[in-house]
Every structure is written in C-alpha cells, then in structure tokens.
Amino acid sequence: MPDQYRLINEAELNLLIAQQNMVRNPELFFIHNSTNLASIHNNVFSGRIRIGSLGPEQLIHSCFITNCNIGAGNTLINISRLENINTAEQVILRNIGCIAWNRPESPAGMISGNKIYFRNENARRYYIPFPGMHILDIELYSENIHRPEILQHLRRIFEKRTEKYFARHIHFEHDSVIENVSSIRNSCIGAACRIDGSSEISDSLILSSGANPTHLGSNIIIRNSLISEGCTITSGAFLDHVHTDQFVSIGEYARIYHSFIGANSHIACAEINAACLHPFHEQHHNNSFVIACTFNGQSNIAAGATIGSNHNSRRPDGEIVAARGFWPGLSSSFKHNSRFSEFCLVNKADYDQEMDIPFPFALISLDPANESLQIMPAFWFRYNYYALARNGWKFRTREKRKNFLSGYTYQAIAADTVTSMRQAKQVLLRLLAGQNKYPDLKRFDFENFPAAEAERVTMNGIYGKKGAVILKPETAVYIYHAVILYWAVRQVLEKTKTLADVLKYNADHAPAIKSYSWRNLGGYILEENSLPRITAKLESVADLDTLHNVYQIEFHDAGHNALNFALYLLETDYQLDREKADDWKDKIAKALKVAGKLHEWAYQSRLKDFTNPFRKITTVDEHQFEYVYGSIETDEFIKTMESELSLLKVNAQTWINEK
C-alpha cells in the first residue's frame, strides 16, 4: 500500500457515519492523506475500499460500493451497485444502476476469449480482437485461419500488447464521464470517454483518449465488443461481438453481430451479421442488411438492399466478397456466393443467380424483358467520372485518423484497379475475338474514343447458369487501355524527375519478376504475395510494434514495386523503349490526352445537373436556380480537377525538358 494511503481512524469513521454512510469493514477502509471526508455522504461501503484524494468540488453520494479503488478527484453519485471496480483520476459516475466486475481473470484475460466469427455464418472464419489492432492484423489472422501454429504466434503477439495495455488494471480511465446508464458489467472504459443514457455495456472494451474521445449515447446495448478510439455509438444501436476501428459512427437502432467495422465508417438503420467491412463503409438507410460479406471499403449500401439471402446451400454458409467501391442499388438482393470487382455499381433488381463479376468500374443490371444479366464495363469513366473522382477527394477530406500506418489509398485508379482493368481487358478481347472482332490497340487514338455503342457479347460463368450480356465491350477495352496508360505515366512522373532517373532506377531496382498482381487490404494496396511474405517473417516478430514496422516496410516496397509495375506495363502493353526519349514523349502526350478526356467526361456528367430541364422546374427563374444550385463554373471539385490537370501538364513538360 503506498505511503499516501492509510487506514481510516476512529474519528474519521465516526464522521462518515454522521454523514449517513455505512462502513461495514472499517479494517479494510483506506483513504488518501488529502481525502476530504466532508465530500462523502449517504453511501454503503463493503469489503476492501481505497479512496483517493478528494477536493471540496468532488462528491461521493448515495452509492453502494464494494471492493473498489476510487481514484483521485472522482465524483460518484447515485450508483446502485459499484463492485470490484478500479477507477483512475477525475472520473465522473452519476445515476447508474450497476457497475460491476465479476470475472475471475484480469481485463487482459477478458479479451483473449472473445472470438468474432465473421465473413461466414458457420463460425469457421474468426479472429480475436485486441487493442491496437490494425486492419492488416485482421487480414493476416484471417488469411492463416487454417494454420494453427501461425494463429498461436499471432495471439502471443496480440496478448503481449493487451497485457501492457491493462498493466494498471483500471476499469475506468481518467477523465471519463458516465451518466444515466442502466448497467456496465465486466467492461473497461478508456480515458475521456463520454457515456450518457446507454442501456447496457457488458464484457466489452471501450477505447478512448483525450485526443480521440469515444461517445456512447442513448439506449444503446454493447456486448462482447471492442470499440476503438473516436467512435460515436448512439440512438438505440445494438452491438454484440463487434470490433470497430477508429472513428466509426453507429446509430439509429442499427443491429450488428460478429462483425468488423473499418475506420471512418457510418452505419445506421441497418442489420449486419458476420461481416468484414473495410474503411469508409456507408450504410445509413432503412431496411438494409448485410450478412456473411466482405466489403473492401469505400462502399455504400442503399436503402432496402438485402445482401444476405444466405439460404441457397445445404447450410447458411455462403459468402459474398466485393472489392472496394461496391455500390448496390435500392432494394437490390443477391445470392451467395458472389464476387464483385472494384467499383461495381449494381442497379435495383432481384439477382437470383450467383455472380462473379470480373469487370471493374462496371454498371450491373437485369434486362427486365428476359431477366438476363447486363454488364457495362468501364461505365464509371464514361458516364459518371465526376462522382468517381470526387469520391477519392471526399474520402481524403473525411479522414479523421491521425496516427495510423501510412500508405492508405483514397483514389479509385491505383495498382489494384489497374490490375483488374488489365485482366478485364484480356477477358473482353477474348470475347470479341470469338466474334471475329479485333480492336486495334496499337492504332488507338487516345483522344477520340470509338463510339461502338451498339456492341454486345455474351459471356457464361458469371451469372449462375444463365450467362450475361456485356454491353459496349469494345469501348470498354479502349477505356481500360487508356486509363492504364494514364496511371502508369503518372507513376513515372510522380516518382522520377528525368529519363536518367528512370534508367538509374531500373538498374538499382530491377524487378525480380515481370508481372504483378495487386490487392487491396483495408485500403492498403499491396502485391498479391505481400501477406505470405509477412507470414514468413512472423517467427522473428516478437511484438505488435515490430509487426507494424514489417507492414511499413511492405508499404515502402510497394511504392517501388508500383513504379516497376508501371514501367513493365509501358514496355509490354504500350511498346515503350525505356531508353528512347521520343517514345517517352509519345506516351506522356497520350497520357495527357487521357487526362483531358477524363476531365471532359467529369465535366459532362456534372453539367447534366445544370442543363436538365427537370432540375429547373422547382425554381422561378435562372437567377434563383443558380442561387440554390450554383453553376458548373463555380463547382469546387471541377476547379480542383482543372488545377490538377494543369499541374500534371506542367510536371509532364518539366520531365520531358529536364536533362
């Protein structure tokens, strides 16, 4: 017992009794040397009690307290039961039914037995949430779910961090404020957390800090969950076996079970079960539910979408996987198992067959006449590039995380989508060759895209037994081909300054292989073999910080390898000779044409909002319309795109002229 704490004396005991307190075990009642006993009224104390320093502004009133360590500067008012609890400094607890810790183990032990069964309802895919976990930790755990020796080593790493986190065995950290709560059982609350009006928090860890406080609001129930810093959970939400990353917002009676929710996500009015949702997931409309799904971030679920009709096998053990940018339409329903490429926009329909969509940036719909699946690859570029480009800007501006692993990718065109576009282009070329059509990519004009609008081909194996119709496949081939060139040239312009830099880079960082496949892991774009490579290094990893440093090395290497990938694409797909300056000038000029075309398409798609006559029927004249809606000339994001295009042209000219 520290020197500043001492056993209460007889005079002090009598003072407490005079102030309507009952002390059942005076021989176990300890106070701080500066504890103001005048602040303690109308309480019942039982078991071992330790009370820190109290000033005249603090108060302990009308509480039933058993076996507790009360930190300095606490205010405890009207608590029906406070049992086996340790509080830090400056904690406020007011109007609470029950706060109790009834577990035999320490807080660290509470975490280690709490599995989250996600991605599948058969409880075969799972992980154990720990404080300080990164989304790549979860991916690494899930990737090796069939390898018990790897899982055992990862658990040792995570448990070591957990034991360090709970070294003080504090259940309520400093500056936390909890009011008007029915019950908090077997749970730990982080610093500066604000809880007001919640119904139940049990067997959970609520992380919070002064820099990133967490707020739990009215009528919520949280069980067996880990809530990270900066989250807001309010308005009747129910969470059971849920792990949230930082800055997640959940409310409006959302119901979530056995799921991971990525950072900067917003969920309301929805039901989610056995899901893995990567950062920037939006699902805030009525009557939508997501079950047994993995969405790789930047997704948006419309009202009434039922992505969980998981009853088309002998057991409900199907899965749906969607790469980043998945946008299902209003009241759309899907059949398990299904898989979607990046940035698929799915029109409202009941999709009664499994889908395997290999085309990124596609529009997916059902033909109402014969219920055949229709896919328009590369739709986003041609018809709504404004929204696609603005999303990347929007995600960046909505980023609330401050101290997280660098390397997160916000923009839609990146190594993962380039990989998918290249693969999709080859699929389309094979389909067109089956109809004796051979797009001439060597002679393709990167400024004047062909208008093969009526083209269509059929494809089997991507919509159950029914097959699908691919709309405008030749146009999609040219768009994919153009956008890949644009990305590859931008990589070169951003990461080198001259042709000499490219040649030196090639000598210093010659790739070991001549092809790449990239994947998105929670917003981090890494080579396909990154996780196996990290797994192979695990034997030498002793703690979580070291593991996260391994990730950072992968992110750093990914930057080099992305440039290797870009140079490889320019050589193989666009016949670039790296040592010829004229070849570089040609490819850069073509990439600038693509950039101009993308800006033109963005401008055209946004212009429709100002020229559509139906947009004007609710305003009295042009002046009121412009006051309410603005104009294309004042659109801030169009201005941003124009500035970026101008800067790209300047950088390109500088690169060409630099010696």
Going by heavy atoms in the side chains, are [X] and [Y] under 4.5 Å from each other?
X      : Y      : answer
Leu151 : Ile145 : yes
Ile301 : His281 : yes
Asp240 : His258 : no
Phe130 : Ile128 : yes
Ile267 : His284 : no
Val321 : Phe340 : no
Cys276 : Phe118 : yes
Thr419 : Arg422 : no

Run the side chain to side chain contact (heavy atoms under 4.5 Å, CB included) test against Ala387 and tell me which residues pass, sequence neighbours left out.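 With neighbours one apart ignored, the set is Trp380, Asn384.
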Just checking [X]: does its [atom1] atom have more than 12 heavy atoms from other residues, nucleotides or ligands closer to it than 6.0 angstrom?
X      : atom1 : result
Lys400 : NZ    : no
Lys348 : NZ    : no
Arg124 : CZ    : no
Phe637 : CZ    : yes
Arg194 : CZ    : yes

In plain terms, say whether [X] and [Y] are close enough for a salt bridge, that is, a side-chain N and a carboxylate O under 4.0 Å apart.
X      : Y      : result
Asp356 : Arg339 : yes
Lys472 : Glu474 : no
Glu342 : Arg324 : no
Asp635 : Arg606 : yes
Glu600 : Lys597 : yes

For Asp245 and Ser228, run side chain to side chain donor-acceptor pair (under 3.5 Å): C-alpha distance rounded to whole Å, both residues' side-chain angles, the deciding distance at 0.1 Å, then the answer. CA-CA 5 Å; Asp245 205 341; Ser228 294; 4.6 Å; no
Is there a donor-acceptor pair closer than 3.5 Å between any side-chain N or O of [X] and the backbone N or O of [Y]?
X      : Y      : result
Ser643 : Lys639 : yes
Ser338 : Lys335 : yes
Ser332 : Gly329 : yes

Under 6.0 Å between the ring centres of [X] and [Y]?
X      : Y      : value
Phe381 : Phe449 : no
Trp487 : Phe565 : yes
His548 : Tyr551 : yes
Phe260 : His243 : yes
Tyr410 : Tyr408 : yes
Phe361 : Phe379 : no
Tyr257 : Phe238 : yes
His599 : Tyr386 : no

Please confirm whether Lys115 makes a cation-pi placement over Tyr126, using NZ or CZ under 6.0 Å from the six-membered ring centre and within 45° of the ring normal.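 Because its charged atom sits under 6.0 Å from the ring centre and within 45° of the axis, Lys115 does stack over Tyr126.
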Glu229: which of Asn212, Thr244, Thr214 passes side-chain hydrogen bond (donor to acceptor under 3.5 Å, both in side chains):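 It is Asn212, the one option of Asn212, Thr244, Thr214 that forms the side-chain hydrogen bond (donor to acceptor under 3.5 Å, both in side chains) with Glu229.
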Among Val427, Thr458, Ile462, Leu373, exactly one meets side chain to side chain contact (heavy atoms under 4.5 Å, CB included) together with Ile470. Which residue is that?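 When side chain to side chain contact (heavy atoms under 4.5 Å, CB included) is applied between Ile470 and each of Val427, Thr458, Ile462, Leu373, only Ile462 qualifies.
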At what distance, to the nearest 0.5 angstrom, does CD1 of Ile291 lie from CD of Glu319?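 Atom-to-atom, Ile291:CD1 and Glu319:CD are 13.5 Å apart.
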Could you state the interatomic distance from CD1 (Ile138) to CZ (Arg119), rounded to the nearest 0.5 Å?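 The CZ atom of Arg119 is 8.5 Å from CD1 of Ile138, to the nearest 0.5 Å.
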In terms of relative ring orientation, are Tyr351 and Tyr463 parallel, tilted or perpendicular, with 30° and 60° separating the classes?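 The arrangement is perpendicular - the two ring planes meet at more than 60°.
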Would Glu636 and Lys394 count as a salt bridge (Lys or Arg N to Asp or Glu O under 4.0 Å) if you check the C-alpha gap in whole Å, the side-chain angles of each, and the deciding distance to 0.1 Å? CA-CA 12 Å; Glu636 289 298 325; Lys394 179 179 67 176; over 6 Å; no
Could you walk me through whether Glu139 and Arg125 pass the salt bridge (Lys or Arg N to Asp or Glu O under 4.0 Å) check? CA-CA 11 Å; Glu139 290 290 340; Arg125 295 187 187 271; over 6 Å; no
